[in-house]
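What follows is a set of notes on a single structure, which appears directly below.
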Amino acid sequence: MPTLKPNPDTVAHQKSRCDDKHPQQEIPSLDRLLRAPELQQLQARAGRQLVLEEARAELTQLRQRLSGTNANSTEETSLDHLAAQIEARVGAALRMSLRPVFNLTGTVLHTNLGRAPLAEEAIEAMAKAARGAVNVEFDLAKGRRGDRDDHVEDWLCRLTGAEAATVVNNNAAAVLLLLNTLANRREVPVSRGELIEIGGAFRIPNIMRRAGCRLVEVGTTNRTHLRDFTEALTSRTGCLMKVHTSNYIVQGFTAEVSDEDLAGLAHENDLPYMVDLGAGALIDMAALGLPYETTVSETLAKGADLVSFSGDKLLGGPQAGLIAGRADLIAKIKKNPMKRALRVDKVTMAALAATLRLYAQPDTLRAKLPTLRLLSRPVAEIQAMAERIAPALRLTLGDGFQVTITPSKGQIGSGSLPVESLQSVALALRPCTTKGSGAALKRLAAAFRTLPRPVLGRITDDALHFDLRCLEDGGDEAAWLAQIADLRP
Ligand SMILES: *Cc1c(COP(=O)(O)O)cnc(C)c1O
């Protein structure tokens with residue numbers, strides 16, 4: 001490549017030739033490097049282009065270090081050393097950045113950690129679908145193009161009592177699609193108490209605008225009455241909507257309009273009533289000893305025409321947005337071109353179909369669906385595990401840290417039931433000296449994050465807490481113990 005700058009390769013050579021104090025600065029050429037046996041093997045394993053790029057980058061950086069004002073003449077430039085450096089760079093480039101971690105944060109449905117862990121049945125179905133051709137949009141009976149939703153629609157209807165259902169990428173997409181289908185260029189009255197933001201960029205007012213709807217705010221933050229909605233109705237109203245305020249609650253002097261009343265008002269005016277339910281419980285959570293959460297079928301029974309909810313929250317499936325309700329409205333949604341842009345792939349469809357089928361047997365549901373199993377795990381079981389694994393952790397950490405077993409307040413996560421905490425048990429790792437303990441804790445947390453399977457906890461009350469609710473007995477526990485044992489000095 002023509003260049004106006006002096007070739008750093010030649011410069012380095014000239015420098016080393018006239019300065020015999022630093023013979024090690026004879027940098028091997030790119031060609032020579034790539035011909036070295038180690039790098040020949042690496043190219044066969046990892047691909048020629050990748051090795052070439054990393055070798056070039058390594059040499060460029062080395063030359064920069066040697067030519068700068070604070071040039072370090074003790075820089076190692078041997079062929080062996082450089083080959084090892086390049087091998088490490090190639091390894092880092094190929095290492096997956098998306099990796100399994102131990103979620104010991106205490107939050108079960110952790111959005112940043114991928115929410116619901118899937119059932120084995122769902123995982124198997126995903127692998128089968130991923131491996132080759134599947135009839136994702138092909139009707140085998142009729143021998144022609146089918147509807148993608150066919151694989152889950154029946155089961156969604158069975159489990160919710162809906163007439164019809166459809167699936168998109170996530171619940172944010174479901175709300176966008178619903179609003180755009182029912183109320184494009186029309187008005188949608190929503191209670192001021194429900195103009196929520198859910199983690200990141202999902203804000204009801206923004207979604208409304210993107211969906212082409214005009215938001216009409218009604219009522220006040222703490223109190224909204226049926227008459228507020230009645231007064232907001234115009235000939236331009238497209239639908240009525242309720243948003244489940246899943247990640248906060250308004251307490252005190254409050255009033256909200258019931259589903260029954262909103263549905264009644266909507267229907268008197270020939271308008272559809274939609275509910276963004278969020279978590280989307282399909283069964284009674286109270287039966288599992290969890291706080292009560294409105295189910296999809298209850299919401300439909302109260303008069304909602306369409307309900308939207310997530311696949312990877314309380315349902316315990318893959319990321320998806322589900323819409324269940326009236327057949328004529330679902331048909332309209334399926335015709336919206338936006339549906340095509342928001343659809344799910346065959347792998348998600350497979351996982352969702354397998355997850356929904358687990359609900360056929362309520363007796364085995366808890367055992368088979370990790371989300372429900374983890375959420376309803378008895379505290380005594382978590383306590384017993386803490387007692388089993390604390391000694392191993394003490395051995396690993398040595399004298400610098402004190403390890404205690406402590407009650408912990410976990411969370412369901414993903415905005416579900418935000419004020420309810422899950423009674424749990426944690427291992428608290430506390431530096432023995434209080435001086436500089438903040439930095440020591442951060443270093444400790446960082447060290448756990450660099451493990452082959454990173455361990456994520458939570459720093460509170462001057463200790464690193466590992467809430468053990470999501471560390472399952474058996475394989476998970478064994479893997480954790482093996483990793484801790486490996487750390488021992
Ligand atoms: C979680 C949630 C959403 C967003 O759902 P995603 O599946 O994360 O896109 C929307 N509305 C409510 C009420 C929610 O709880």
Side-chain angles (χ1 to χ4, degrees), residues 107-118 152 156 165-180 182 188 190-211 213 215 239-250 256 259 262 273-282 285 290-296 298-300 302 304 306-325 333 338-339 341-345 348-349 351-352 355-356 371 375 411-420:
T107 301
V108 179
L109 297 170
H110 199 302
T111 298
N112 304 144
L113 303 180
R115 291 196 187 157
L118 295 182
V152 292
L156 281 170
T166 187
V167 187
V168 287
N169 180 59
N170 55 13
N171 189 31
V175 174
L176 182 72
L177 182 61
L178 269 176
L179 287 168
N180 181 262
L182 301 182
V188 183
V190 180
S191 164
R192 286 196 169 87
E194 296 172 8
L195 297 177
I196 59 167
E197 171 180 309
I198 293 172
F202 184 86
R203 288 175 154 195
I204 291 294
N206 298 352
I207 291 275
M208 287 253 176
R209 208 170 311 124
R210 293 290 172 155
C213 310
L215 168 68
C239 68
L240 292 188
M241 179 189 191
K242 191 182 194 61
V243 184
H244 191 61
T245 55
S246 54
N247 54 2
Y248 73 100
I249 56 161
V250 183
E256 67 170 317
D259 282 313
L262 274 177
Y273 171 51
M274 63 168 279
V275 179
D276 171 16
L277 197 53
L282 293 181
M285 290 290 145
L290 290 165
Y292 170 78
E293 173 88 28
T294 313
T295 65
V296 179
E298 280 166 351
T299 310
L300 288 168
K302 285 180 191 161
L306 291 170
V307 178
S308 79
F309 52 104
S310 298
D312 53 356
K313 292 186 182 172
L314 292 178
L315 194 151
Q319 179 188 301
L322 313 176
I323 307 172
I333 289 170
M338 221 185 239
K339 163 74 165 61
L342 301 173
R343 75 182 186 191
V344 299
D345 75 324
T348 299
M349 206 49 109
L352 184 59
T355 305
L356 292 174
T371 298
L375 285 173
Q411 289 260 317
I412 293 175
S414 288
S416 300
L417 309 161
V419 281
E420 308 272 3

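Whatever order the structure lists them in is the order used to number ligands and atoms, beginning at 1.
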* Should we count CZ of Arg192 as having more than 12 external heavy atoms under 6.0 Å? ->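 Count over threshold, so yes.
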* **Check: Glu298 side chain, Thr295 main-chain N or O, donor-acceptor pair, under 3.5 Å** =>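 It does hold such a pair.
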* Hey, does Leu375 have a side-chain heavy atom less than 4.5 Å from the side chain of Leu314? ->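 They are in side-chain contact.
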* **Student check: side-chain heavy atoms of Leu322 and Leu315 closer than 4.5 Å** =>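 Yes. Closest side-chain heavy atoms under 4.5 Å.
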Taking only heavy atoms of [X], which atoms of ligand 1 are found under 4.0 Å from at least one of them?
X      : value
Phe202 : 10 (C), 11 (N)
His244 : 13 (C)
Ser310 : 5 (O), 6 (P), 7 (O)

* Asked: Heavy-atom distance to atom 6 (P) of ligand 1: which of Asn169, Asn171, Thr245 wins?
  ->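 When every heavy atom of Asn169, Asn171, Thr245 is considered, Asn171 comes closest to atom 6 (P) of ligand 1.
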* Asked: If you measure every N/O of Ala172 against every N/O of ligand 1, is any gap under 3.5 Å?
  ->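 Min N/O separation from ligand 1 is below 3.5 Å for Ala172.
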* To do: For Asn112, enumerate each residue passing the side chain to side chain contact (heavy atoms under 4.5 Å, CB included) test, keeping only those at least two apart in sequence or located in another chain.
  =>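 For Asn112 the side chain to side chain contact (heavy atoms under 4.5 Å, CB included) partners, ignoring immediate neighbours, are His110.
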* **Ala172: partners by side chain to side chain contact (heavy atoms under 4.5 Å, CB included), with sequence neighbours left out** =>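 Ala172 satisfies side chain to side chain contact (heavy atoms under 4.5 Å, CB included) with Asn170, Phe202 once adjacent residues are dropped.
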Non-hydrogen atoms of [X] versus ligand 1: any pair closer than 4.0 Å?
X      : value
Val175 : no
Arg115 : yes
Gln319 : no

